[in-house]
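Note that this is a predicted model, so its numbers are computed, not measured.
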Amino acid sequence: MTSMQRIAGVVGLSIAMFAAPARAQSAAEARDMEQLSQLDLNGHGDGGEGLALQLKDGRRILYLAHEGQKTCLSVVDVTNPRAPALVAQLPSPGPGVTRCNSLGLSGNVLAVANQTLKIGQKPAGMWLLDVSDLARVKRARSLDDLKLAFFDTSGSQSRGVHWLWFVDGEFAHLATGAADFEPAHPSDDQFYMTVDVRNPKKPHEVGRWWLPGTRTGDSCLPGCMPKRQRIDDGYRAHSIQIYPQRADRAYVGYIDGGMLILDISKLADVRAGKAAKFSPQLVSRLDYGPPYPSWCHTVQPLWGRGLAVVSDEAVQDKCTDSPKLVWLVDIRDEVNPVIIGTAPLPDNVAQLCSRGGRYGAHNLHPAFPGPGSAQLKNTFVGTFFNGGVRIYGLVDAAMAGAPPTVKELGYFVPAAPAGNTSGIIQINHVIVDEKGLIYAVDRVTGGLYILRYTGKVPLD
């Protein structure tokens, strides 16, 4: 090699080093899990917190919400999990302003959340879309092409809907702001709202609840104003989940407000036409921050066990807001929920914290009622940003009445996808279908991953 060749090689290496960030994690890491396929969603790989599977005419159609303000919704045919195919992709209804972070599906009606970057912007609210005809979905070029209705929750102090739960075809449950809701603190701008969508062309509000002290004008102020956390992410609703096993209860992650159980039994009167509106009532609140940094994200009951798994979201890079954990909570006495364990940290947690991007808990597989969704009660599946998808099982003690322990059963951390600026994966959300297939999305560019658990302990 000549001196000029050596110089050229050094220059070329230097250019390559500065041309693109090195990937901190260049290969997948896995134990008892495998990847069947990956789809970058035509270069729009910023997966949000909404995934829903539709079983229709022998096909399996996945609806996928997006994290950013450019793309709203992707529709993917996952009938062959080794070769998923993009069916349709719809832009944000407010490019650069509005994100479609969450969605819910019941039959042929798809509900899609709209949240704006700043308060006072539009569109902000919930779309109801007709997805009965896949050919029509394929032809659609905007949400308006499938529109049944748009439920507007914009306002001078509102960013609209961040998250929604819609599984029964009757009522949508929103974490939202509203035109008539003025938060007592700017960070407390989203609360729990119930919307009647039995006529999907005329949705209307039928109930709401907020943590006392978070709304300007609350009679208990100023004494009930919640204390501000060291890292203040707000006392506001995130996930609201309602199941047929306890149709009179809502299980709510209330961010800095912790885990809530609400009594929504009076919704039955609205359903029966005996009342126009109802008011949820607080059953209990599990508040563990401080000493922990809170950000309660998801409350997922494990039916038949009297337990729930509760995740907190990591929202800062390199674990600067850690620990963000998955808690095991005993809810047999629902007025006194008790933390009895946590999901164990990975052996390489220090390395994950130093890789870049976020590491820590985020979403849990929601056990959607009806076909197409796994009904897990002895295991649970969660997302951990650069920690990928991780599966845990409950190990019952030999002593009667003693709480179970939590054991990690497997994990899959995809290789860093091209374009992720931190050089790592950022797995955002996950669902598990009735066949045990796992669908997960990257938050930045990686798009959709379809995975399979291969361990010996059943995923049940």
Side-chain angles (χ1 to χ4, degrees), residues 30-39 47-55 59-65 76-82 84 102-106 165-167 239 241 243-245 251 297-305 307-311 326 328 343 361-385 387-394 406-414 425 427-443 446-460:
R31 177 167 67 83
D32 289 335
M33 290 182 71
E34 64 178 1
Q35 178 177 309
L36 301 184
S37 59
Q38 185 258 340
L39 187 66
E49 295 183 288
L51 290 169
L53 191 61
Q54 182 184 45
L55 309 185
R59 311 219 53 86
R60 304 173 75 85
I61 305 300
L62 184 72
Y63 294 89
L64 186 156
V76 184
D77 188 331
V78 294
T79 307
N80 180 354
R82 295 186 181 275
S102 178
L103 56 76
L105 176 71
S106 180
W165 180 261
F166 175 58
V167 298
S239 66
Q241 299 184 190
Y243 290 93
Q245 293 92 331
Y251 299 89
H297 187 280
T298 302
V299 181
Q300 177 59 54
L302 301 177
W303 300 112
R305 296 198 60 122
L307 301 171
V309 281
V310 179
S311 69
V326 177
L328 183 64
H362 189 208
N363 260 306
L364 299 167
H365 158 67
F368 295 128
S373 180
Q375 303 299 313
L376 305 179
K377 61 181 180 179
N378 299 306
T379 56
F380 59 93
V381 183
T383 59
F384 292 81
F385 297 113
V389 178
R390 310 188 88 90
I391 302 175
Y392 301 90
L394 302 186
V406 184
K407 179 181 179 181
E408 187 175 78
L409 301 180
Y411 59 84
F412 192 91
V413 183
I425 193 72
I427 292 293
N428 209 34
H429 187 34
V430 64
I431 63 171
V432 186
D433 73 12
E434 85 285 7
K435 298 180 179 181
L437 294 179
I438 299 166
Y439 305 84
V441 291
D442 177 60
R443 186 182 181 92
L448 172 67
Y449 296 81
I450 303 180
L451 311 172
R452 182 168 62 188
Y453 170 60
T454 60
K456 294 181 180 179
V457 176
L459 185 63
D460 69 351

Quick one: are [X] and [Y] in side-chain contact, heavy atoms under 4.5 Å?
X: Asp433; Y: Tyr439; value: yes
X: Glu408; Y: Ile391; value: no
X: Ile450; Y: Leu39; value: no
X: Gln241; Y: Val167; value: no

Under 3.5 Å, is there a donor-acceptor pair between the side chain of [X] and the main chain of [Y]?
X: Thr79; Y: Arg59; result: no
X: Thr379; Y: Asp460; result: yes
X: Gln375; Y: Ser373; result: yes
X: His365; Y: Val430; result: no
X: Asn428; Y: Gly47; result: yes
X: Ser106; Y: Phe166; result: no
X: Gln35; Y: Tyr449; result: no

Donor on one side chain, acceptor on other, [X] and [Y], under 3.5 Å:
X: His429; Y: His362; result: no
X: Asp32; Y: Tyr453; result: no
X: Arg305; Y: Asn378; result: yes
X: Gln54; Y: Tyr63; result: yes

Which one of Thr298, Val441, Asn363 satisfies the side-chain contact (heavy atoms from CB on, under 4.5 Å) criterion with Glu49?
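Exactly one option meets the side-chain contact (heavy atoms from CB on, under 4.5 Å) with Glu49, and it is Asn363.
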
Run the side-chain contact (heavy atoms from CB on, under 4.5 Å) check on Leu394 and Leu328 step by step: do they pass?
CA-CA 10 Å; Leu394 302 186; Leu328 183 64; 4.1 Å; yes

Taking all non-hydrogen atoms of both residues, which atom of [X] and which atom of [Y] are closest, and how far apart?
X: Leu103; Y: Ala65; result: CD2-N, 3.5 Å
X: Tyr392; Y: Ala343; result: CE2-CB, 3.8 Å
X: Leu302; Y: Leu376; result: CD2-O, 3.9 Å
X: Val389; Y: Ala440; result: CG2-CB, 3.6 Å
X: Ile431; Y: Pro366; result: CG2-CD, 3.8 Å
X: Val326; Y: Ala361; result: CG2-CB, 3.8 Å

If I take atom [atom1] from residue [X] and atom [atom2] from residue [Y], how far apart are they, to the nearest 0.5 angstrom?
X: Arg82; Y: Leu437; atom1: CZ; atom2: CG; value: 9.5 Å
X: Leu459; Y: Leu409; atom1: CG; atom2: CG; value: 8.0 Å
X: Ile427; Y: Ile425; atom1: CD1; atom2: CD1; value: 4.0 Å
X: Asp442; Y: Leu448; atom1: CG; atom2: CG; value: 11.0 Å
X: Ile438; Y: Thr383; atom1: CD1; atom2: OG1; value: 12.0 Å
X: Arg31; Y: Arg390; atom1: CZ; atom2: CZ; value: 8.0 Å

Would Tyr251 and Trp165 count as a close aromatic pair, with their ring centres under 6.0 Å?
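Between Tyr251 and Trp165, the centre distance exceeds or equals 6.0 Å.
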
